[in-house]
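All remarks here apply to the structure that follows.
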Amino acid sequence: QVQLVESGGSSVQADGSLRLSCAASGGTVNNYYMGWFRQAPGTEREFVAGLTKSGSSTTYGDSVKGRFTISRDLAKNTVDLQMNSLKPEDTAVYYCAATSSVINSYSQNSYRYWGRGTQVTVSS
C-alpha cells in the first residue's frame, strides 16, 4: 500500500505563497487519484484539490479556485500544491490523500490512504 508524507507547511503573511509537497512510497502517484484536503480547528475536513491518475484533469474546491494549483512530478513521485494569494482563512492542517478508484473526489470517504498532514498558518 502507498504511504504519503506531506511537507512544506509553514507560517506566512496574507497574500504570500507556499508550496506543499506529498511524497509517495510503496506505490506510484500515477496509479492513484490524488487529493489534497485541509482541516481547520473545529471544522470538517474540506476538499482542496484533486488530480486524476492520468494527470490530465484537476478539480478544485470553490474556496481555492484560481489561487491553488495541484501538480505532480513522476520522477520524484510527488504531488504538489502551489498556493498563491493566501488568506487567513486558508489556515489549516493540509492532508494528502490517495485512492485507487474514486466516485466522489470531493468526499474524504472516497480516499483510502492519508498522510499525517502539514500545518499552514496565514497571518493578516
Side-chain angles (χ1 to χ4, degrees):
Q1 64 182 32
V2 66
Q3 292 86 44
L4 306 172
V5 178
E6 304 92 338
S7 63
S10 181
S11 297
V12 65
Q13 295 272 342
D15 294 326
S17 298
L18 276 177
R19 188 175 184 88
L20 305 183
S21 186
C22 172
S25 60
T28 55
V29 296
N30 56 347
N31 283 333
Y32 298 90
Y33 188 100
M34 302 297 297
W36 282 96
F37 285 76
R38 67 186 183 186
Q39 189 169 22
T43 69
E44 293 189 356
R45 198 164 291 188
E46 174 191 15
F47 174 78
V48 174
L51 180 67
T52 57
K53 291 182 182 181
S54 68
S56 62
S57 181
T58 58
T59 55
Y60 296 94
D62 288 342
S63 61
V64 307
K65 281 180 182 176
R67 299 188 298 124
F68 290 12
T69 303
I70 187 171
S71 62
R72 69 185 186 185
D73 186 328
L74 294 180
K76 295 181 180 179
N77 205 29
T78 61
V79 175
D80 296 338
L81 185 69
Q82 177 65 41
M83 307 186 294
N84 298 328
S85 302
L86 283 162
K87 306 175 181 180
E89 50 263 44
D90 294 319
T91 295
V93 177
Y94 283 72
Y95 298 91
C96 178
T99 183
S100 298
S101 61
V102 63
I103 297 176
N104 179 2
S105 61
Y106 293 85
S107 171
Q108 60 176 316
N109 296 325
S110 295
Y111 297 81
R112 180 175 181 182
Y113 307 104
W114 290 86
R116 293 189 175 184
T118 186
Q119 176 71 47
V120 172
T121 302
V122 184
S123 58
S124 57

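Along the sequence shown, the residues carry numbers beginning at 1.
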Contacts of Thr43 meeting side chain to side chain donor-acceptor pair (under 3.5 Å) (sequence neighbours excluded), chain-then-number -> none
In short, ring-ring contact (aromatic ring centres under 6.0 Å, His included) pairs touching residues 50-101 with sequence neighbours left out are none
Would you say Leu20 ends up clustered with Val93 if hydrophobic residues are merged whenever their side chains have heavy atoms under 4.5 Å apart, either directly or through other cluster members?
no
When every non-hydrogen atom of Ile70 is compared with those of Met34, the smallest separation belongs to CD1-O, 4.1 Å
Answer yes or no: is there a side-chain heavy-atom contact under 4.5 Å between Arg67 and Asp90? yes
The side chain to side chain donor-acceptor pair (under 3.5 Å) partners of Asn31 (sequence neighbours excluded) come to Thr28
Residues 99-120 vs salt bridge (charged side-chain N to carboxylate O under 4.0 Å, His left out), sequence neighbours excluded, gives none
Residues 45-85 vs disulfide (SG to SG under 2.5 Å), sequence neighbours excluded, gives none
With sequence neighbours left out, the residues meeting side chain to side chain donor-acceptor pair (under 3.5 Å) with Thr121 are Gln119
Residue pairs passing the salt bridge (charged side-chain N to carboxylate O under 4.0 Å, His left out) test with at least one member in residues 11-27, sequence neighbours excluded, are Arg19-Asp80
Quick one: do Leu81 and Val102 end up in the same hydrophobic cluster if we chain Ile, Leu, Val, Met, Phe, Trp and Tyr together by side-chain heavy atoms under 4.5 Å apart? no
Here the disulfide (SG to SG under 2.5 Å) pairs for residues 56-124, sequence neighbours left out, are Cys22-Cys96
Applying side chain to side chain contact (heavy atoms under 4.5 Å, CB included) to Ile103 and not counting sequence neighbours gives none
Any ion pair linking Asp62 and Lys65 (charged N to carboxylate O, less than 4.0 Å)? yes
Residues pairing under ring-ring contact (aromatic ring centres under 6.0 Å, His included) where one sits in residues 13-47, two or more places apart or in two chains, turn out to be Tyr32-Tyr113, Phe37-Phe47, Phe37-Tyr111, Phe37-Trp114, Phe47-Tyr106
Residue set satisfying salt bridge (charged side-chain N to carboxylate O under 4.0 Å, His left out) with Glu46, at least two apart, ordered chain then number -> Arg38
| request: Check whether any side-chain N or O of Lys87 sits under 3.5 Å from a backbone N or O of Ser124 as a donor-acceptor pair, and report yes or no. | output: no
Residues Val2 and Ala24: closest non-hydrogen pair is CG2-CB, 3.9 Å
The side chain to side chain donor-acceptor pair (under 3.5 Å) partners of Arg45 (sequence neighbours excluded) come to Gln39
